[in-house]
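Read through the structure below, which is laid out as structure tokens, and then see the notes.
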2 protein chains.
Amino acid sequence: MHESYRQEIRDIDLFAEMDDKNFQALMRASYVQNFPPRIDLIQENEPPDFLHVVLSGSVDLFSAWNGRETSMATVRPISTFILAASVRNLPYLMSARTLEKSRIALIPSQDVRAIFATDSAFAQAIVSELAQCYRSIVKNAKDLKLRTSLERLANYLLRQQERTGNLEFDLTMEKRRLASFLGMTSENLSRAFKGLEPYGVRVTGNHIEIVNLNDLTRYAKPNPLIDDYTT
Amino acid sequence: MHESYRQEIRDIDLFAEMDDKNFQALMRASYVQNFPPRIDLIQENEPPDFLHVVLSGSVDLFSAWNGRETSMATVRPISTFILAASVRNLPYLMSARTLEKSRIALIPSQDVRAIFATDSAFAQAIVSELAQCYRSIVKNAKDLKLRTSLERLANYLLRQQERTGNLEFDLTMEKRRLASFLGMTSENLSRAFKGLEPYGVRVTGNHIEIVNLNDLTRYAKPNPLIDDYTT
DNA sequence: AGAAATTATTGATACAGATCAAGCATCCCG
DNA sequence: CGGGATGCTTGATCTGTATCAATAATTTCT
């Protein structure tokens, strides 16, 4: 693997504290790959050959049953996915595909298991990362089960507002992908944007203007136990 | 803590391999308590004082927002809950209450964090347990998002059939609790039982008879990536 | 620039499930 | 035993969202 990639991975919390020999061993059979949007990365029920680390872009975790399909979570940099399957050596529960152009590191699961058994700093970092993944999926499930699609969109816009620090901003993805991300159809997203007009949201193409932040916040009722991705 | 309890906890995978000194230290401030049904154990947003271990009975993990409430998962013996919050020392994302009479061990989170940092066997066991919890919640989310309530009930009955090894069995909980467990209202559960009659399910009070296992299985389409709690 | 493909919007309809309301069954206890 | 509480069933209605269909807007390609 290229040295600059190696350093980039070394700086991730998950790998930052481990012994250097072990890190080099872990990197030996690892590699980084670029993927275009909408490329399937893994299929549910496959054995966990590689631990995946999203370095840039974003990845959709989804699942299918009986001809139906549903999006389960979105992974953004810098974060891993299928860590749970990797450490337990059990088949993936979800499939994964890129949402946008993405750079992803692939680390052999076998090496992860071998090294985490002997490197306690690495084991501790895995505990943190797994706990973080667990909490993310719980928050996502709460967002989906407790809120209507209109409320989910309102909270999404508030998060974007906070992220950019601006009352006007552009959507970072196509509306159809945003719809999927928010767990609704694109038809419904269209109607939802209309539905937020009374709360001071103005939409022109993919440009958003929040005319009345107070109104929107009062409607959205953001909550750190759902919307704060950092804790 | 009583010696027999202590041995019972020691036999759990999570604590089986750790150093004995560390185990005794962990037990020093721990205790086991019996709770009647429907008792609140923890409230979301509280700091994670104790790691909880369900020794018998069952516990409902639920969450509320803006006056709405939803059940997120059910914890059955022998398994932990709020391990993720405990190890990261972050507030609970979910509330918990007993569904039935339950025996629960309470272990100070602070001690868990202190000991897992030095005991690598314990750290590894925590990784396994966290990965298991993660996979459980993913399966639960798939069950809820991909299936209708009728299909969820059908698969539940098949699991009970398998568990008892008998085509006739009694429901192990009240129908209203079963409804909550399956993520529906009790009115809907009533209708769902009616809806499964054409697939060979006969209901008398809380006694279930599966007249045609093939028909029911063909309808339910059970899938290990959703219904197998052990992997 | 023009044609073709993709994405976005809008309206009409369908469906799963929640909620509300009323009646029925079952259990518990004095 | 009788009466009250609790749980269960059934029907009617309402809501949120998906689906289907048609058109409009935008992007991509040649």
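Not measured: the values here are computed from a predicted model. So you know, we letter chains A, B, ... as the sequences are listed, proteins then strands, and number each from 1.
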Quick check: do Glu100(B) and Met173(B) have side-chain heavy atoms less than 4.5 Å from each other? no
Of residues 64-73 of chain B, the positions that come close to DNA chain C - non-hydrogen atoms, cut-off under 4.0 Å: none
Any heavy-atom pair between the side chains of Cys133(A) and Glu129(A) that's under 4.5 Å? yes
Heavy-atom check, side chain of Ile39(B) versus side chain of Arg97(B), under 4.5 Å: no
Tyr156(A) and Phe181(A) aromatic ring geometry - parallel, tilted or perpendicular at 30°/60° bounds: perpendicular
Angle class for the Phe50(B)/Tyr31(B) ring planes (parallel below 30°, perpendicular above 60°, tilted otherwise)? perpendicular
Could you walk me through whether Tyr134(B) and Arg88(A) pass side chain to side chain contact (heavy atoms under 4.5 Å, CB included), step by step? CA-CA 11 Å; Tyr134(B) 180 85; Arg88(A) 298 213 60 153; over 6 Å; no
Under the criterion salt bridge (charged side-chain N to carboxylate O under 4.0 Å, His left out), which of Arg163(A), Lys139(A), Arg147(A), Lys142(A) is the partner of Asp227(A)? Arg147(A)
Per-nt protein contacts along nucleotides 7-18 of chain D (heavy atom under 4.0 Å; B base, S backbone sugar-phosphate only, - none) come out as SSBBBB----SB
Leu144(B) CG to dA16(C) P, straight-line distance once rounded to whole Å: 17 Å
Can a side-chain donor-acceptor contact be found between Arg76(B) and Tyr229(B) if the only test is distance below 3.5 angstrom? no
